[in-house]
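Worksheet: one structure, shown below.
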Amino acid sequence: MKETGAITGVSVAHSRATVDEIEAAGGDGVRATVSDLLARDGVEEAFALQTCNRSEAYVVTDRTVDGSVALESFAPEVRGGAVRRLDHEESLEHLMRVASGLESLVLGEDQIIGQLREAYEESKSAGGIGPVLKDGVTKALHVGERARNETSINEGVVSLGSAAVRLAAGEIDLTDGSAVVIGAGEMGTLAARTLDDTAVSEIVVANRTVPNAAFVAEEVDTPAEAVPLADLSTVVPDADLVIAATGSPDPVIRSKHLAGVDRLVCIDIAQPRDVDPALADRDGVTLYDIDALEDVTRRTRESREAEAREVESIIDEELDRILEAYKRKRADDAISAMYAGADRVKAREVDRAVSKLEAQGGLTAEQRETVEDLADALVGQLLAAPTRSLRDAAGEDDWETIRTALRLFDPEFDTLPEGPGASDSGRDAGPSGVEAPPDSVTEELDD
């Protein structure tokens with residue numbers, strides 16, 4: 001019987017890390033990260049989450065030390081203060097907080113739900129999702145949905161895209177201005193929709209795939225145009241505001257795109273960065289990244305504090321549920337292994353005793369049943385106390401006791417040394433079917 005593994009996690013997020021540190025921890029994407037982690041010793045499951053303001057990874061191992069070692073390579077170049085390491089319970093709680101929007105730069109934002117689902121599917125495609133992470137991530141998604149259905153945590157909350165527009169409005173007058181949105185994904189779409197509610201006179205949506213940009217442009221009432229990224233050198237110099245939100249691994253805005261620019265505000269909400277950081281030193285260019293949005297989003301966070309407390313109550317409730325289920329599974333694994341091992345020994349010894357009794361003058365069906373009942377009763381009585389101890393150990397998070405029990409009652413631990421009177425038939429006998437505590441044990445535990 002194999003022990004249910006435990007989760008170990010690591011998080012590099014905006015609350016502790018800079019944009020550069022988050023990018024450094026991101027690696028080559030979710031699938032590559034999951035594949036790399038699965039190749040490490042002791043790792044049975046793996047899950048990775050990478051968004052514009054967080055890079056996280058989780059593994060399932062039998063021994064927590066294996067999980068910690070496997071995750072050492074996730075952010076090797078990131079300073080220690082920017083990395084948060086999570087044990088099993090902390091990982092489960094953190095995933096729930098992430099899904100609920102409590103860990104987002106913009107408190108309660110909805111985008112993270114879709115990002116978490118996408119990361120789950122990518123991790124699953126890479127072979128990383130097993131029973132432990134399936135339960136953990138799906139529980140987190142359930143909590144995220146509850147948070148939004150049962151509280152107002154997301155009402156009136158700005159997205160990163162709309163936060164970028166608010167930040168720009170504090171720097172320049174957008175009246176009759178021109179704005180370029182680079183990227184036609186969810187963040188780019190949200191930015192375009194927010195710009196549609198301002199006084200800008202024109203929105204240009206630039207994207208590698210022009211039909212996708214056209215789709216975003218059609219969603220706004222402000223005059224809008226869709227262009228390929230190759231046209232950035234033409235449209236950017238005429239713009240007052242650029243909001244960049246692509247998924248490109250390399251910067252899409254470089255010095256060559258800013259020829260002739262006199263006054264331009266660039267807000268880079270992409271991860272990795274879309275705008276070459278060196279452009280911040282260029283005259284006439286004001287460049288902001290995700291770190292700069294913290295002040296804009298702080299006011300929203302303050303207004304959502306009461307709702308956040310309600311969400312935290314939901315998380316506490318759901319965390320207790322999944323931990324109890326996990327503890328029961330751990331204890332049940334150990335108890336099942338214990339009874340399975342005892343059953344194998346019992347079956348052998350019953351067959352040996354019956355063979356001897358039959359050799360001494362025959363055995364009736366009733367007598368054979370009496371021998372088997374005696375063996376079952378002995379097993380039940382002998383294992384009643386260990387059963388209770390294992391369930392107590394699970395309730396007290398005493399995993400060392402459970403690990404010890406699993407080792408003692410390993411499925412391979414069923415070969416007894418041959419002794420005087422051992423018969424071939426006894427050594428080859430199979431189990432008689434006792435796979436769970438008999439009724440007598442259950443009744444005693446319930447007393």
Side-chain angles (χ1 to χ4, degrees), residues 9 11-17 22 47 49-56 58 84 86 89-121 135-167 169 185-197 243 245 267 269 271 290-323:
S11 172
V12 180
H14 67 91
S15 59
R16 299 186 180 196
I22 294 171
F47 169 72
L49 174 65
Q50 295 176 7
T51 72
C52 56
N53 55 22
R54 71 180 58 257
S55 290
E56 299 181 351
Y58 302 84
R84 182 183 177 192
L86 309 161
E89 183 172 338
E90 290 169 338
S91 294
L92 291 170
E93 181 179 16
H94 182 71
L95 283 169
M96 292 180 195
R97 291 182 61 85
V98 169
S100 300
L102 295 186
E103 295 293 325
S104 295
L105 179 62
V106 179
L107 184 67
E109 55 93 7
D110 293 331
Q111 187 179 3
I112 187 61
I113 285 280
Q115 293 170 331
L116 194 59
R117 285 199 182 97
E118 183 178 351
Y120 177 83
E121 292 301 327
D135 287 348
V137 180
T138 55
K139 172 65 78 172
L141 290 169
H142 169 69
V143 170
E145 295 292 350
R146 277 196 65 186
R148 290 164 178 82
N149 292 333
E150 300 176 21
T151 76
S152 300
I153 190 67
N154 59 339
E155 284 188 8
V157 175
V158 294
S159 66
L160 281 175
S162 56
V165 174
R166 289 192 184 187
L167 179 61
E186 188 168 359
M187 283 195 296
T189 301
L190 290 171
R193 289 174 180 169
T194 306
L195 284 167
D196 195 31
D197 293 330
I243 298 177
I267 302 181
I269 56 176
Q271 178 61 43
I290 292 174
D291 292 339
L293 297 182
E294 185 65 43
D295 288 338
V296 178
T297 59
R298 176 177 49 79
R299 292 186 295 273
T300 299
R301 181 175 295 274
E302 291 171 351
S303 69
R304 298 268 67 84
E305 285 182 354
E307 302 300 326
R309 286 193 290 272
E310 289 188 32
V311 173
E312 287 172 347
S313 295
I314 292 174
I315 291 173
D316 289 342
E317 172 190 333
E318 295 285 3
L319 181 61
D320 285 344
R321 287 179 180 175
I322 194 171
L323 287 175

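Given the structure is predicted, the values throughout are model-derived calculations rather than measurements.
Between the side chain of Arg166 and the main chain of Ser162, no donor-acceptor pair closer than 3.5 Å is present. Listed for the Glu307 side chain is a donor-acceptor partner under 3.5 Å among the backbone atoms of Ser152. With hydrogens and angles disregarded, a donor-acceptor distance shorter than 3.5 Å links the side chain of Ser55 to the backbone of Ile22. No donor-acceptor distance shorter than 3.5 angstrom exists from the side chain of Ser100 to the backbone of Leu102, with no hydrogens or angles considered.
The nearest pair of heavy atoms linking Ala164 to Ile269 is CB-CG2, 4.3 Å. The two residues Ser91 and Gly9 come nearest to each other via the heavy atoms OG-N, 3.4 Å. Scanning all heavy atoms of the two residues, the minimum distance from Arg304 to Glu155 falls at NH1-O, 3.2 Å. The nearest pair of heavy atoms linking Ile322 to Gly136 is CD1-CA, 4.1 Å. Residue Gly188 comes nearest to Ala245 through the heavy atom pair N-CB, 4.0 Å, listed as atom of the first residue, atom of the second, then distance.
Atoms CD and NE2, on Glu56 and His94 in that order, are 3.5 Å from each other to the nearest 0.5 Å. Rounded to the nearest 0.5 Å, atoms CG (Leu195) and CZ (Arg193) are 12.5 Å apart. In this structure, CD in Glu121 is found 10.5 Å from CG in Leu116, a value given to the nearest 0.5 Å. Atom CG of residue Leu49 and atom OH of residue Tyr120 lie 14.0 Å apart, to the nearest 0.5 angstrom. A distance of 5.0 Å separates CD1 of Ile112 from OG1 of Thr51, quoted to the nearest 0.5 Å. Atom CG of Asn149 is separated from atom CD1 of Ile314 by 9.0 Å, given to the nearest 0.5 angstrom.
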task: Walk me through it: do Arg97 and Glu312 pass the test side chain to side chain contact (heavy atoms under 4.5 Å, CB included)?
output: CA-CA 8 Å; Arg97 291 182 61 85; Glu312 287 172 347; 3.4 Å; yes
Side chain to side chain contact (heavy atoms under 4.5 Å, CB included) between Ile153 and Arg148, worked out: CA-CA 6 Å; Ile153 190 67; Arg148 290 164 178 82; 4.2 Å; yes
task: Check the pair Leu319, Met96 against side chain to side chain contact (heavy atoms under 4.5 Å, CB included), reporting the backbone distance first and the verdict last.
output: CA-CA 8 Å; Leu319 181 61; Met96 292 180 195; 4.2 Å; yes
query: Would Ser104 and Glu109 satisfy side-chain hydrogen bond (donor to acceptor under 3.5 Å, both in side chains), going step by step from the backbone distance to the final call?
result: CA-CA 7 Å; Ser104 295; Glu109 55 93 7; 2.9 Å; yes
Intermediate values then yes/no, side chain to side chain contact (heavy atoms under 4.5 Å, CB included), Glu93 and Glu90: CA-CA 5 Å; Glu93 181 179 16; Glu90 290 169 338; 5.5 Å; no
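The side-chain heavy atoms of Glu89 and Leu323, taken from C-beta on, include a pair separated by under 4.5 Å. Residues Arg146 and Glu317 form a side-chain contact, since some pair of their non-hydrogen atoms from C-beta on lies under 4.5 Å apart.
Salt-bridge check for Glu145 with Arg117: passed, with a basic side-chain N closer than 4.0 Å to an acidic carboxylate O. Salt bridge present: Glu318 and Arg321 bring a charged side-chain N and a carboxylate O closer than 4.0 Å.
Screening Val98, Asn53, Leu95 for a side-chain contact (heavy atoms from CB on, under 4.5 Å) with Glu103, the sole residue that qualifies is Val98.
For Glu310, the CD atom counts as densely surrounded, since its 6.0 Å shell holds more than 12 non-hydrogen atoms of other residues, nucleotides or ligands.
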